[in-house]
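Numbers restart at 1 for each chain; the letters A, B, ... are given by sequence-line order, proteins then strands. Owing to the predicted nature of the structure, the values given are computational and were not obtained by experimental measurement.
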Protein chains: 2
Amino acid sequence: MSVTIKDVARIAGVSPSTVSRVLSNHPKISPATVRKVREAMVELGYHPNIMAKSLVSKSTQTIGLVLPRSVEEFLNPFFSEVMRGIFAFANQAQYDVLMSAANSRQEELEAMNRMILGRRVDGIIMMAPRKKDPVIEQLLQHDFPFVLLGRSLEHEDLLCVNNDNIKAAFDATNHLISLGHKRIGFVSGSPDMVVTEDRLEGYRQALVGASLPYRKDWIIGEEMLQAGGFHALSLMLTQPERPTAFVVIDDVIAFGFIRQLYEAGFKVPDDVSIVSFNNIMLTELSNPPISTVDIGIYHLGYMTAQLLIRKISGEPIVQNQLVLPHRLVVRGSSLHPRT
Amino acid sequence: MSVTIKDVARIAGVSPSTVSRVLSNHPKISPATVRKVREAMVELGYHPNIMAKSLVSKSTQTIGLVLPRSVEEFLNPFFSEVMRGIFAFANQAQYDVLMSAANSRQEELEAMNRMILGRRVDGIIMMAPRKKDPVIEQLLQHDFPFVLLGRSLEHEDLLCVNNDNIKAAFDATNHLISLGHKRIGFVSGSPDMVVTEDRLEGYRQALVGASLPYRKDWIIGEEMLQAGGFHALSLMLTQPERPTAFVVIDDVIAFGFIRQLYEAGFKVPDDVSIVSFNNIMLTELSNPPISTVDIGIYHLGYMTAQLLIRKISGEPIVQNQLVLPHRLVVRGSSLHPRT
DNA sequence: TTATCCAAAGAAAACGTTTGCAAAATGCTT
DNA sequence: AAGCATTTTGCAAACGTTTTCTTTGGATAA
């Protein structure tokens, strides 16, 4: 049926072992033989069977990507951009990426077990870790190579690539403060994600540092952004003591929030200033363009893949926890408060 | 090292073949044996080695996804949504998805060859086909199962899942016409993609049908949307005979275009109406919300995966070319022209 | 010339499954 | 109780590689 190493061996007049050695650039093989074998490979259009190869070598040249569970997360362009970075490095290192989706926690663990225990991948990249994450426990239990994109609260010493989200939120909040805002709210995301906690903490630190009020009722949760929460939001904004600016956990949430503000009769940046995080492509094209903290998403993905592949191939790892820099990008959505 | 079928056999007191048969739900095996084997599997925490399995069975339970080449395409949320649909079906059918990125045409073909000839996948989903697409030729040449998401101009009979993009553009244009617009432009995308051609054609048909002018100089190409094309765009819009509305090839392009209009001093929808395609999530949150043709992206991905997996498993295929319905979603970006 | 060494190539086992065929066990007739 | 049909199970080959161990053969040194 399909051309194997044996066919190549036959045509080149050598043994299968020799062909295999040519394939893996074995040093002790004569140039003449290499040429013969190479020619035969081209002539027959040979391509190695990766299944057979990894059966014996126990390496699949593949990394696994555990997909975010929720639709919102998955559809966030953040995710695409991170993937782009991951693919860029993986491709360059001749690795492929295996993905497997899940609709529930249960399915998620199953999919991961298929990957790990079925030996389909050499390592795993895990995105957006939760505060208590069973996936991490599973991975640790199997002693399987993996890298976190983000950080774990429970295990400080895992391989991970992350931003300093506390500092990022600190900077974002200070940007609003330096514009003259005194009453600054926070729009939150999924409460069980580590990144949510970190950014909230940075926001808090900045407020405390500037002796400004940190008020629980100015922290807008997910429920308030749904259709049902619209009333509560309007109510809050019509108080005389309403916030004049918000730090928003994420660009996509910012899009939705700006829209809601607009429908409640508040203009950005005239009535309310906004600064968010991630700097996805569309923030620049939005109306108004959104001020946001660029966390280098692509680079984040790239470095994560790099770290994982280093780990897999047993290269020495200089630094287990990588913290990449961020950069505030000021655009039209943040302005000094109206006097 | 890791637990194999032999270990299970030993513990259960049967032969490896029997274990294998239990694994694949072979009919002729006694309930008692099945129970014994199942227990042993649980006890040892057995998971089949997929590499070994697919080496002999020649099926990988994996489908390949050929990624779009350009950054813009990859980052388009359209892509995420389509992936979500693909994953949904694949997951349900117990298939995994292997992706492999490429930076150039050359790399793209290489990556695909690794997938096909390395027998890593059972079939391939190919997105966004070009007018003349070497990838399709390659796939055909190897007689490898694949499904197009979109359609091929050169091969009418391939398996594919698509919208009626001509009709979709026809509807979008007619929407603007019915609002009273007489001068309608078109904002195009990559000229070598089939979808671009189809939507342009639908736009043309609607104009001709309504006896409105179809003018080449009102068709805005990619180059005009870049920074350098800004001047040309402004120039065109300050003509007395300027278009009062545009059909835009794609939501993301629409975002950028609206931004450019805004910077040139034109408001949407007051000065210019916009209708685009895809209905990605953010169009609803945009300011103004964008009128767009919903083509059911998720469903598109879902059906594509379904068709491919049907093909792979040799199930009868009732219809080789699936055309899914679309639906115009009118939002704030399209309004009657100012009088 | 012969013994020694080293580079280069080959033989064969192994990786963890599936599966066709043969053997064993079971149940049914007589 | 033996013979036969049928169900259930086991044996062994195969899938396409890699890799350890051996063998081959030519070059070098004595």
dG16(D) phosphate, OP1 or OP2, under 4.0 Å from Thr4(A) side-chain N/O: no
Under-4.0 Å salt bridge between Glu81(B) and Arg84(B): yes
Where protein sits on nucleotides 19-27 of chain C, one letter per nucleotide: B base, S sugar-phosphate only, - none, heavy atoms under 4.0 Å: BB-------
Donor-acceptor contacts, no H, no angles, side chain residues 47-57 of chain A, under 3.5 Å, sequence neighbours left out:
from     : atom 1 : to       : atom 2 : distance (Å)
Asn49(A) : OD1    : Met51(A) : N      : 2.8
Asn49(A) : OD1    : Ala52(A) : N      : 3.1
Ser54(A) : OG     : Ile50(A) : O      : 2.8
Ser54(A) : OG     : Met51(A) : O      : 3.4
Ser57(A) : OG     : Lys53(A) : O      : 2.9
Ser57(A) : OG     : Ser59(A) : N      : 3.4

Protein-nucleotide distance (Lys53(B), atom NZ; dC15(C), atom C1'), rounded to Å: 17 Å
May I have the list of side-chain donor-acceptor pairs in residues 301-312 of chain B shorter than 3.5 Å, sequence neighbours left out?
from      : atom 1 : to        : atom 2 : distance (Å)
Tyr302(B) : OH     : Gln92(B)  : OE1    : 3.2
Thr304(B) : OG1    : Leu300(B) : O      : 2.5
Arg310(B) : NE     : Glu315(B) : OE1    : 3.4

Spacing between Gln61(A) atom CD and dT17(D) atom P, to the nearest angstrom: 15 Å
Separation of atom CG in Leu55(A) from atom P in dA14(D), rounded to whole Å: 17 Å
For atom CZ of Arg119(B) and atom P of dC15(D), their distance in whole Å: 13 Å
Nucleotide dA14(C), atom C1' - distance to CD1 of Ile5(A) in whole Å: 15 Å
Residues Arg35(B), Glu39(B): salt bridge by 4.0 Å N-O rule: yes
Nucleic acid contacts - residues 27-49 of chain B versus DNA chain D, non-hydrogen atoms under 4.0 Å: Lys28(B), Ile29(B), Ser30(B), Thr33(B)
With sequence neighbours excluded, residues passing side-chain contact (heavy atoms from CB on, under 4.5 Å) with Lys132(B): Glu154(B)
Whole-Å distance separating the CZ atom of Arg120(A) from the C1' atom of dC15(C): 17 Å
Side chains of Val82(A) and Ile297(A) in contact at under 4.5 Å (non-hydrogen atoms): yes
Note, Met112(A) side chain near Met126(A) side chain (heavy atom, < 4.5 Å): no
Expected output: side-chain Arg119(A) to main-chain Leu117(A) donor-acceptor under 3.5 Å: yes
Whole angstrom value for the distance that separates P of dT18(D) from CD1 of Ile50(A): 10 Å
Side chain to side chain donor-acceptor pair (under 3.5 Å) between Thr18(B) and Ser15(B), worked out: CA-CA 5 Å; Thr18(B) 305; Ser15(B) 76; 3.2 Å; yes
Check: Gln321(B) side chain, Leu158(B) main-chain N or O, donor-acceptor pair, under 3.5 Å: yes
Distance below 4.0 Å between Lys58(A) side-chain N/O and dG16(C) OP1 or OP2: yes
Thr62(A)/Arg120(B) under side chain to side chain donor-acceptor pair (under 3.5 Å): CA gap, chis, key distance, verdict: CA-CA 11 Å; Thr62(A) 305; Arg120(B) 303 202 66 167; 2.4 Å; yes
Helix axis bend for the helix from dT1(C)-dA30(D) to dT30(C)-dA1(D) - C1'-based end axes, five pairs, 10° rounding: 60°
Integer-rounded Å distance: dT17(D) C1' and Lys6(A) NZ: 9 Å
